[in-house]
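Below, chain A is the first sequence line, B the second, and so on; all start at residue 1. Everything numeric in this text was worked out from a predicted model, so none of it was measured. In what follows, every heavy atom counts, from backbone to side chain, and hydrogens, waters and symmetry copies are set aside.
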2 protein chains.
Amino acid sequence: MRSVSHHSIRRSILDRIHSGEWALGDLIPSEASLAEEYGCARTTINRALQALADTGLLVRKRKGGTRVCQMPVRQAKFEIPIIREQVEANGSHYRHQLLAKKVKTPPAAIRTRLSISPETRALYLETIHLADDRPYAFERRWVNMLAIPKVSEAPLESLSVNEWLVKTVPFSSGDVTFSAMNATKKVAKALDTKAETAIFVIDRTTWFQDEFVTTMKLYYMRGYQLYSRL
Amino acid sequence: MRSVSHHSIRRSILDRIHSGEWALGDLIPSEASLAEEYGCARTTINRALQALADTGLLVRKRKGGTRVCQMPVRQAKFEIPIIREQVEANGSHYRHQLLAKKVKTPPAAIRTRLSISPETRALYLETIHLADDRPYAFERRWVNMLAIPKVSEAPLESLSVNEWLVKTVPFSSGDVTFSAMNATKKVAKALDTKAETAIFVIDRTTWFQDEFVTTMKLYYMRGYQLYSRL
DNA sequence: TAGTGGTCTAGACCACTCA
DNA sequence: GAGTGGTCTAGACCACTAT
């Protein structure tokens, strides 16, 4: 390891902010000055500062220089779990069961969300994910058959829809929403719990090349937690 | 803009994965080959590939080369909200009220979590955050007075504890947990809702230079959602 | 207009790890 | 041992923007 790596510089800059040498909102020296101070190339300083800017700690502007962020917004990176791996990571046996599979016209709310026309039909799926044969998560999903025509022939009994989709349309964009809800009777029954139990819900919509692929809601068993380090 | 920037290469590589040229788990060409193919320096290729590896799309190993990730784990970056900003972003008026402020010995669960000794006392705070004078979130917090001695003199009536802490110990590490729970009577009362209502909970513990600073639970009003793009 | 960050290059050496 | 990614350098030009 060289004595001046972009890692060590990153740490050093962090320390200098921690120590109060540069306070919130302060302008810190230019890349050129820092390069001279640390005795390294500007490129190396640039890399360290960019990394810190990525985490939201620094704000950088051409000509304006680099400032310590006034109100550092804390960011957390979560891994959207793949249920099978999550279950197996806990040493449990994973299994899932397809509860429903129908082609029908989605309700208006779903249609709006997916920007599909009123007469378009979509595939509706309900799946229960089991850990050691006990309910782990209940999944309700709509799949756009126009975008993914092959889905109706997929072996959904052996492979979960999610895994099939990951393998088939692996790279896509989308959004996620986390929320809490009281279990409806249907969800409670699927998860083998009482109605009104607080359920952690992940709502996820996926797009591929500007075309809607799928939207789903995952209702997790009671007590589920999503964890991340800051 | 140069014709070959690391951005354009990043996009190009993405496209080639999308198109199926490189499938899940495939080895992609080495940096040197790609540099030749794109007619740019290896550094530029490196930058593009590192960015893709950061998002979890590629897996890179020295000598092993670069592969398309077998099971791309979706990552979502969330901004841990600052309540005041969140409320004001919705065009509402923010206000908060300190409901309790006591120095006492934390329960065992909290002590364990914070690795403090059984006889150590800590500051306990309860705050209600209001949007247009209606409950938005209820906060219960423990603050380590040894780490942050000045907290007992802080003007907590005018500034929320959170804001005071951000200004005072701005940069720290920590962890976050999201979960759902049925409102206890106390929480329900604070949020002016019925007991058993499903509540979205953010549990957050903060450290500064290996010393525990604070741990808190935020109970959000009914219907709260946390959103992120993938 | 001048100063700052953004980026590319060409070359180099190193660290890791697969065979 | 050899091939791959990880990183640093020195220099260059450019894009943006505060003044």
Side-chain angles (χ1 to χ4, degrees), chain A residues 1-17 21-70 72-73 75, chain B residues 1-17 21-70 72-73 75:
Chain A
M1 177 78 105
R2 280 174 186 73
S3 59
V4 221
S5 65
H6 63 97
H7 290 296
S8 64
I9 291 174
R10 191 182 179 286
R11 236 177 296 119
S12 166
I13 301 281
L14 247 178
D15 286 345
R16 294 170 77 170
I17 296 172
E21 180 176 342
W22 299 317
L24 292 181
D26 275 10
L27 195 63
I28 76 172
S30 73
E31 295 191 348
S33 335
L34 288 170
E36 198 178 354
E37 180 185 337
Y38 283 96
C40 66
R42 183 167 77 92
T43 318
T44 307
I45 299 289
N46 180 278
R47 200 160 166 188
L49 295 186
Q50 284 208 353
L52 289 169
D54 278 346
T55 73
L57 222 69
L58 297 177
V59 180
R60 321 193 72 201
K61 259 194 254 178
R62 275 151 156 148
K63 167 77 181 177
T66 302
R67 289 178 180 281
V68 180
C69 185
Q70 274 284 355
V73 176
Q75 295 179 337
Chain B
M1 175 78 103
R2 280 173 186 76
S3 59
V4 222
S5 66
H6 64 98
H7 290 295
S8 64
I9 291 174
R10 191 182 179 287
R11 238 178 293 118
S12 166
I13 301 281
L14 246 178
D15 286 344
R16 293 171 78 169
I17 296 172
E21 179 177 341
W22 300 316
L24 293 181
D26 276 9
L27 196 63
I28 77 172
S30 72
E31 295 190 346
S33 334
L34 288 170
E36 199 178 353
E37 180 185 337
Y38 283 96
C40 67
R42 182 166 78 91
T43 317
T44 308
I45 299 289
N46 179 278
R47 200 161 168 187
L49 295 187
Q50 284 206 354
L52 290 170
D54 278 346
T55 73
L57 224 70
L58 297 178
V59 181
R60 322 193 71 201
K61 257 194 256 180
R62 278 154 154 144
K63 166 77 181 178
T66 302
R67 290 176 180 283
V68 181
C69 186
Q70 272 286 356
V73 176
Q75 295 179 337

Checklist entry - Could you walk me through whether A:Ile13 and A:Ile45 pass the side chain to side chain contact (heavy atoms under 4.5 Å, CB included) check? => result CA-CA 10 Å; A:Ile13 301 281; A:Ile45 299 289; over 6 Å; no
Calculate the interatomic distance between [X] atom [atom1] and [N] atom [atom2]; express it in whole Å.
| X | N | atom1 | atom2 | answer |
| --- | --- | --- | --- | --- |
| B:Leu34 | C:dT9 | CG | C1' | 17 Å |
| A:Asp54 | C:dG6 | CG | P | 10 Å |
| A:Arg10 | D:dT7 | CZ | C1' | 16 Å |
| A:Glu31 | D:dT9 | CD | C1' | 15 Å |
| A:Leu27 | C:dG3 | CG | C1' | 12 Å |
| B:Tyr38 | C:dT9 | OH | C1' | 18 Å |
| A:Leu52 | C:dG5 | CG | C1' | 15 Å |

Checklist entry - What pair of heavy atoms forms the shortest contact from B:Ile9 to B:Cys40, and how long is it? => result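 That closest heavy-atom pairing would be CD1-SG, 3.6 Å.
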Show the distances under 3.5 angstrom between N or O atoms of the protein and N or O atoms of nucleotides 16-19 of chain C.
none

Among residues at least two apart in sequence or on other chains, which ones pass side chain to side chain donor-acceptor pair (under 3.5 Å) with [X]?
| X | value |
| --- | --- |
| B:Thr66 | B:Arg60 |
| A:Glu36 | none |
| A:Arg16 | A:Glu21, A:Glu37, A:Tyr38 |

Checklist entry - Are B:His7 and C:dT7 close enough that a side-chain N or O sits under 4.0 Å from OP1 or OP2? => result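 Looking at the OP1 and OP2 atoms of C:dT7, one of them is under 4.0 Å from a side-chain N or O of B:His7.
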Checklist entry - Would you say B:Arg60 reaches D:dT4's phosphate, i.e. side-chain N/O to OP1/OP2 under 4.0 Å? => result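 Answer no for this pair, as no side-chain N or O of B:Arg60 is under 4.0 Å from OP1 or OP2.
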Checklist entry - According to the salt bridge (charged side-chain N to carboxylate O under 4.0 Å, His left out) rule, which pairs have a member within residues 41-57 of chain B, sequence neighbours left out? => result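 Sorted result for residues 41-57 of chain B: B:Glu31-B:Arg42.
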Checklist entry - For A:Ala48, does its backbone N or O pair with a side-chain atom of A:Arg10 as donor and acceptor, under 3.5 Å? => result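 Not confirmed, A:Arg10 side chain does not pair with A:Ala48 backbone.
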Item to check | Check: A:Leu58 and A:Val68 side chains under 4.5 Å, non-hydrogen atoms | outcome: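 In contact.
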Item to check | Stretch residues 40-51 of chain B: residues that reach within less than 4.0 Å of DNA chain C through a heavy atom | outcome: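 The answer is B:Cys40, B:Ala41, B:Arg42, B:Thr43, B:Thr44, B:Arg47.
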Next on the checklist: Show, in sequence, the C-alpha distance, side-chain angles and deciding distance for B:Ile17 and B:Ile28, and conclude whether the side chain to side chain contact (heavy atoms under 4.5 Å, CB included) test is met.
Outcome noted: CA-CA 10 Å; B:Ile17 296 172; B:Ile28 77 172; 5.7 Å; no
